[in-house]
**Student:** 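Mind looking over this structure? Questions follow.
Counting from 1, the numbers follow the sequence of the chain as shown.
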Amino acid sequence: MAASKAPPLRLLAQDAEDLAIISAAVQDAVVKLGDIVFEANARRLTLAFNRYRWEAGGERVRSGLQLGGVLSVKSRKLKRGVKDAVVEILAVTFEPGEEAPGGSVVFSFAGDADLKAEVECIDVVLADVSEPWPTPRTPAHEV
């Protein structure tokens, strides 16, 4: 199966509605824990992953997602010392904080794990960074 001609995604989220679109695009992406990097001095969180291209179907692409204005990052049920461990993104959501526009961007992973980034505001960029490749596996979930 040849890669589709769908253009690479380049998305920016600046509010919860925008973030919902990015969440849909990254659903079922697989990420190695070693490809999640928080740069405290730069206040930046970056994730690199293989994204299932729901908009094209039947293929994956290497993508990067970056959050700006990150104040802190907390994880739950993620094995931080195991860099090669792979997790699957289920959703990316926003929880408003006490003072707008701040709050938390939450990455929910399969296996009831999550990563919560406290942010000054929603500042998220998603970009495909490789050519897509075919995959015989379409992600499926139990209802």
**Student:** Would you mind writing out the side-chain donor-acceptor pairs for residues 107-125 within the sub-3.5 Å range, not counting sequence neighbours?
**Tutor:**
from, atom 1, to, atom 2, distance (Å)
D112, OD2, K77, NZ, 3.2
D114, OD2, R76, NE, 3.1
D114, OD2, R76, NH2, 2.8
K116, NZ, E95, OE1, 3.1
E118, OE1, S72, OG, 3.3
E120, OE1, R43, NH2, 3.0
E120, OE2, R43, NH1, 3.3
E120, OE2, R43, NH2, 3.1

**Student:** Supply the atom-to-atom distance L65 CG to L126 CG, rounded to the nearest 0.5 angstrom.
**Tutor:** 5.5 Å
**Student:** Using side-chain heavy atoms (C-beta onward) and a distance below 4.5 Å, is V129 in contact with V61?
**Tutor:**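 Of all side-chain heavy-atom pairs linking V61 with V129, none is under 4.5 Å.
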**Student:** Under the side-chain hydrogen bond (donor to acceptor under 3.5 Å, both in side chains) rule, collect the residues that match up with R62, sequence neighbours excluded.
**Tutor:**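 By the side-chain hydrogen bond (donor to acceptor under 3.5 Å, both in side chains) rule, R62 matches D35, N50.
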**Student:** How far apart are the C-alpha atoms of L9 and R51, what are their side-chain angles, what is the distance that settles it, and do they pass the side-chain contact (heavy atoms from CB on, under 4.5 Å) test?
**Tutor:** CA-CA 11 Å; L9 284 186; R51 183 176 76 77; 3.4 Å; yes
**Student:** So how far is it from E59 CD to T138 OG1, rounded to the nearest 0.5 Å?
**Tutor:**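 Here the rounded value is 11.0 Å.
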**Student:** For a quick test of reading the model, state the closest non-hydrogen atom pair linking R53 to P132 and the distance between them.
**Tutor:**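 Distance-wise, the nearest heavy atoms are NH1-CG, 3.3 Å.
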**Student:** For residues 12-22, tabulate all N or O donor-acceptor pairs below 3.5 Å that involve a side-chain atom, not counting sequence neighbours.
**Tutor:**
from, atom 1, to, atom 2, distance (Å)
D15, OD1, E17, N, 3.1
D15, OD1, D18, N, 2.7
D18, OD2, Q14, N, 3.0

**Student:** Would you name the heavy atoms of A6 and A56 that are closest together and state the gap between them?
**Tutor:** CB-CB, 4.1 Å
**Student:** With a cutoff of under 4.5 Å between side-chain heavy atoms, which Ile, Leu, Val, Met, Phe, Trp and Tyr residues group with V30?
**Tutor:**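 Once heavy-atom contacts under 4.5 Å are chained together, V30 belongs with V86.
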**Student:** CG/L45 to CG/L71 distance, rounded to the nearest 0.5 angstrom?
**Tutor:**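 Spacing of CG (L45) from CG (L71) equals 12.0 Å.
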**Student:** Taking only residues two or more places apart in sequence, or in another chain, which ones meet T93 in a side-chain hydrogen bond (donor to acceptor under 3.5 Å, both in side chains)?
**Tutor:**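 In terms of side-chain hydrogen bond (donor to acceptor under 3.5 Å, both in side chains), with neighbours along the sequence ignored, T93 is linked to no residue.
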**Student:** Do S63 and V26 have side-chain heavy atoms sitting under 4.5 Å apart?
**Tutor:**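 Side chain of S63 against side chain of V26, heavy atoms only: no contact under 4.5 Å found.
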**Student:** Could you tell me which residues satisfy side chain to side chain contact (heavy atoms under 4.5 Å, CB included) with R10, sequence neighbours excluded, listed by chain and number?
**Tutor:** P8, A127, D128
**Student:** Which pair of heavy atoms, one from D28 and one from R60, lies closest together, and at what distance?
**Tutor:** O-NH1, 3.2 Å
**Student:** Provide the full list of ring-ring contact (aromatic ring centres under 6.0 Å, His included) pairs with a residue in residues 17-53, sequence neighbours left out, each pair given once.
**Tutor:**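 Sorted result for residues 17-53: Y52-W54.
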**Student:** In chain order, what residues pass the side chain to side chain contact (heavy atoms under 4.5 Å, CB included) check against A42, with sequence neighbours excluded?
**Tutor:**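 Expected list: E39, R44.
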**Student:** When you group the ILVMFWY residues by side-chain heavy-atom contacts below 4.5 Å and let the links chain together, are I89 and V106 in the same group?
**Tutor:** no
